[in-house]
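Fair warning: this is a prediction, and the values are worked out from it, not measured in the lab. Naming convention: chains lettered A, B, ... in sequence-line order (proteins, then strands); numbering from 1 in each chain.
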2 protein chains.
Amino acid sequence: MRPSNKLGRPAAFDKDAALDVAMRLFWERGYEGTSMADLSHAMGIHPSSIYAAFGDKQALFALAAKRYLEVPGQYMVRALAEPTFETFVQAAFYNTVEFLGGKEYPASCFTLTGSLSCGVDTEPAKALMLDIRLRNEAVLKGRLLKARRAGEFSKEENIDDYTRYLSSLLSGLAVQAANGSTRAQLKRTAELALRHLGIRVRSEV
Amino acid sequence: MRPSNKLGRPAAFDKDAALDVAMRLFWERGYEGTSMADLSHAMGIHPSSIYAAFGDKQALFALAAKRYLEVPGQYMVRALAEPTFETFVQAAFYNTVEFLGGKEYPASCFTLTGSLSCGVDTEPAKALMLDIRLRNEAVLKGRLLKARRAGEFSKEENIDDYTRYLSSLLSGLAVQAANGSTRAQLKRTAELALRHLGIRVRSEV
DNA sequence: ATCATTCCGTAATGATCATTCTCGAATAAA
DNA sequence: TTTATTCGAGAATGATCATTACGGAATGAT
């Protein structure tokens, strides 16, 4: 039952690759829209092996969400590392556009498509997605506090309100992407948001 | 099979009231998260009567979506009737805040929670929600075109971009509501959006 | 070569899914 | 009252759901 022992028959599949497939499927179809049979087929692993390697469906979903944050979700972490407030907000929007408009991953945000609503017996999945969204907002707020300490952000502005406003704008882009907006359209929408935020767009830099 | 005949045994339930219950359940749990058994229990009608009165699950979902547009969804229609561009945008945001922050209905948008992602065999539900979102955007664009003709909207501004930007902002508020924002928080976020749009907030009027 | 250990594949589990069949009950027209 | 018609309730349908039991296959250690 416990893994990573060197005894016994070795696994015939790459665990990370399989988890990557599961992540994409959950991302595309959501928790409820993805059956274990779908996962088994897409991952190329029989159900019993999935359960042995990852636990039940909810555990697999949690691992997929973790991998989402560690790999494709890093676009926001990269933006957070920008030295100034202005370049951070710029990067947050441009990275989001690349993330949503790119063709490597499904065209929306895992934390929304994964489970925005669900039946009563699958609420843990919805709660996990909500938790991640709120955690991301908290991180965003931390970056704004840092900007305030650096004197890059007006003391008149309410940090919590501004946090929710930025979060709202970025979520809005994710819905736009789900609506079928192209990368070019997302970019234009993001740049309109940046202009209204009083932040330079890259073509003007 | 065809309804509204005066012959035979009369129905023991109010069709509109039952549809209202179904709408709320789909709104709260989404298409896939709502089972026919759930609906039967909440509507107080046995499954066979649901099928006789509304058709299959997909047909019932479509009727629930229609009712959503006709009753709670009217908040946007009311905003569209505002005479000027500025009062329209104001009303669009304030009405959305009331709609999302009110306690009469689930705290998000039917077109998102109904089905943002789903399994392959329930894609009609997702397509219907997408269709409504795009239709709403088209209506929004129509209002902006009217504003341009009235000279209330700069010729420099791209209508399509501005439409997607407003749509994005309003979708963002719906996600905020799903995140648990209170009505007061939604209002502050909306007013921040209005200020950045260069539109007066009501407390300043 | 034997053994403990781990994994893979098959097939089953009971539950729940949407949907429909059947039949008695209730009503309007005759 | 008879008859045609519609409805309600319950049970049954086959499919799919997540999950697991079982037995053979493949490995490392002895």
Side-chain angles (χ1 to χ4, degrees), chain A residues 1-19 21-22 25-26 29-64 115 118-126 128, chain B residues 1-19 21-22 25-26 29-64 115 118-126 128:
Chain A
M1 196 65 70
R2 61 185 69 85
S4 70
N5 267 3
K6 296 178 180 178
L7 267 62
R9 180 176 170 175
F13 62 91
D14 182 63
K15 204 168 172 180
D16 279 342
L19 188 54
V21 171
L25 214 55
F26 279 130
R29 303 181 187 175
Y31 182 79
E32 287 180 327
T34 309
S35 72
M36 291 301 292
D38 292 336
L39 289 163
S40 168
H41 183 259
M43 298 163 82
I45 309 172
H46 281 75
S48 56
S49 299
I50 297 181
Y51 278 85
F54 302 102
D56 65 7
K57 188 184 179 184
Q58 179 62 43
L60 176 58
F61 184 67
L63 289 171
S115 182
C118 66
V120 284
D121 51 344
T122 58
E123 279 178 0
K126 183 175 72 169
L128 176 59
Chain B
M1 197 62 74
R2 61 185 68 88
S4 70
N5 267 6
K6 296 177 181 179
L7 269 60
R9 180 177 172 176
F13 61 91
D14 182 62
K15 204 169 171 178
D16 279 343
L19 188 54
V21 170
L25 213 56
F26 279 131
R29 304 182 186 173
Y31 182 80
E32 287 180 327
T34 309
S35 72
M36 291 302 291
D38 293 337
L39 289 163
S40 168
H41 182 259
M43 299 163 83
I45 310 173
H46 281 71
S48 56
S49 298
I50 297 181
Y51 278 84
F54 303 102
D56 65 8
K57 188 184 179 184
Q58 178 63 42
L60 177 58
F61 184 68
L63 288 171
S115 183
C118 66
V120 284
D121 51 345
T122 59
E123 279 178 359
K126 184 176 72 170
L128 175 59

**Request:** Once you apply the 3.5 Å cut-off to both distances, tell me the Watson-Crick or G-U wobble partner of D:dT30, or none.
**Result:**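 In the structure as shown, D:dT30 has C:dA1 as its Watson-Crick or wobble partner.
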Rounded to whole Å, how long is the line connecting atom [atom1] of [X] with atom [atom2] of [N]?
{"X": "B:M43", "N": "D:dG8", "atom1": "CE", "atom2": "P", "value": "12 Å"}
{"X": "B:I45", "N": "D:dG10", "atom1": "CD1", "atom2": "P", "value": "15 Å"}
{"X": "A:L60", "N": "D:dT19", "atom1": "CG", "atom2": "C1'", "value": "14 Å"}
{"X": "A:L39", "N": "D:dT19", "atom1": "CG", "atom2": "P", "value": "11 Å"}
{"X": "A:I50", "N": "C:dG9", "atom1": "CD1", "atom2": "P", "value": "12 Å"}

Identify every side-chain donor-acceptor pair in residues 29-36 of chain B under 3.5 Å, counting partners at least two apart or on other chains, and give the distances.
from  : atom 1 : to     : atom 2 : distance (Å)
B:R29 : NH1    : B:D38  : OD2    : 3.4
B:E32 : OE1    : A:G33  : N      : 3.3
B:E32 : OE2    : B:G119 : N      : 2.7
B:E32 : OE2    : B:T122 : OG1    : 2.9
B:T34 : OG1    : B:L25  : O      : 3.4
B:T34 : OG1    : B:G30  : O      : 2.7
B:S35 : OG     : B:A37  : N      : 3.4
B:S35 : OG     : B:D38  : N      : 3.0
B:S35 : OG     : B:D38  : OD1    : 3.4
B:S35 : OG     : B:D38  : OD2    : 3.1

**Message:** Strictly under 4.0 angstrom, non-hydrogen atoms only: write out the protein contact profile of nucleotides 21-30 of chain C, one letter per nucleotide from the 5' end, B, S or -.
**Reply:** B--BBBBS--
Could you list, one pair per line, each protein nitrogen or oxygen that sits under 3.5 Å from a nitrogen or oxygen of nucleotides 15-18 of chain C, together with the distance?
from   : atom 1 : to    : atom 2 : distance (Å)
C:dA18 : OP1    : B:M36 : N      : 3.3
C:dA18 : OP1    : B:K57 : NZ     : 2.9
C:dA18 : OP2    : B:M36 : N      : 2.8

**Item:** Listed once per pair and sorted, the salt bridge (charged side-chain N to carboxylate O under 4.0 Å, His left out) pairs that draw on residues 39-53 of chain B, sequence neighbours left out
**Value:**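 Every candidate salt bridge (charged side-chain N to carboxylate O under 4.0 Å, His left out) pair involving residues 39-53 of chain B fails, so no pair, neighbours aside, qualifies.
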**Prompt:** Base, sugar-phosphate, or nothing: which does B:A12 touch, judged by heavy atoms less than 4.0 Å apart?
**Reply:**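 B:A12: backbone/sugar contact only, no base atoms under 4.0 Å.
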**Asked** Quick one: does B:L19's side chain get under 4.5 Å of B:L60's, heavy atoms only?
**Response**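 Yes, close enough: below the 4.5 Å cut-off.
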**Asked** Roughly how far apart are A:F26 CZ and A:S115 OG, rounded to 0.5 Å?
**Response**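 Spacing of CZ (A:F26) from OG (A:S115) equals 10.5 Å.
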**Prompt:** A:D14: what forms a side chain to side chain contact (heavy atoms under 4.5 Å, CB included) with it, not counting sequence neighbours?
**Reply:**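 Applying side chain to side chain contact (heavy atoms under 4.5 Å, CB included) to A:D14 gives A:D16, A:A17.
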**Request:** Would you mind telling me which residue lines up with the more 5' stretch of DNA chain D, B:H46 or B:A11, judged by nearest nucleotide?
**Result:**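 Here B:A11 is the residue nearer the 5' end.
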Identify every side-chain donor-acceptor pair in residues 43-56 of chain A under 3.5 Å, counting partners at least two apart or on other chains, and give the distances.
from  : atom 1 : to    : atom 2 : distance (Å)
A:D56 : OD1    : A:Q58 : N      : 3.4
A:D56 : OD1    : A:A59 : N      : 3.0

**Message:** Check the phosphate of C:dC7 against A:S49, side-chain N and O only, distance under 4.0 Å to OP1 or OP2. Yes or no?
**Reply:**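 For C:dC7, OP1/OP2 do not have a side-chain N/O of A:S49 under 4.0 Å.
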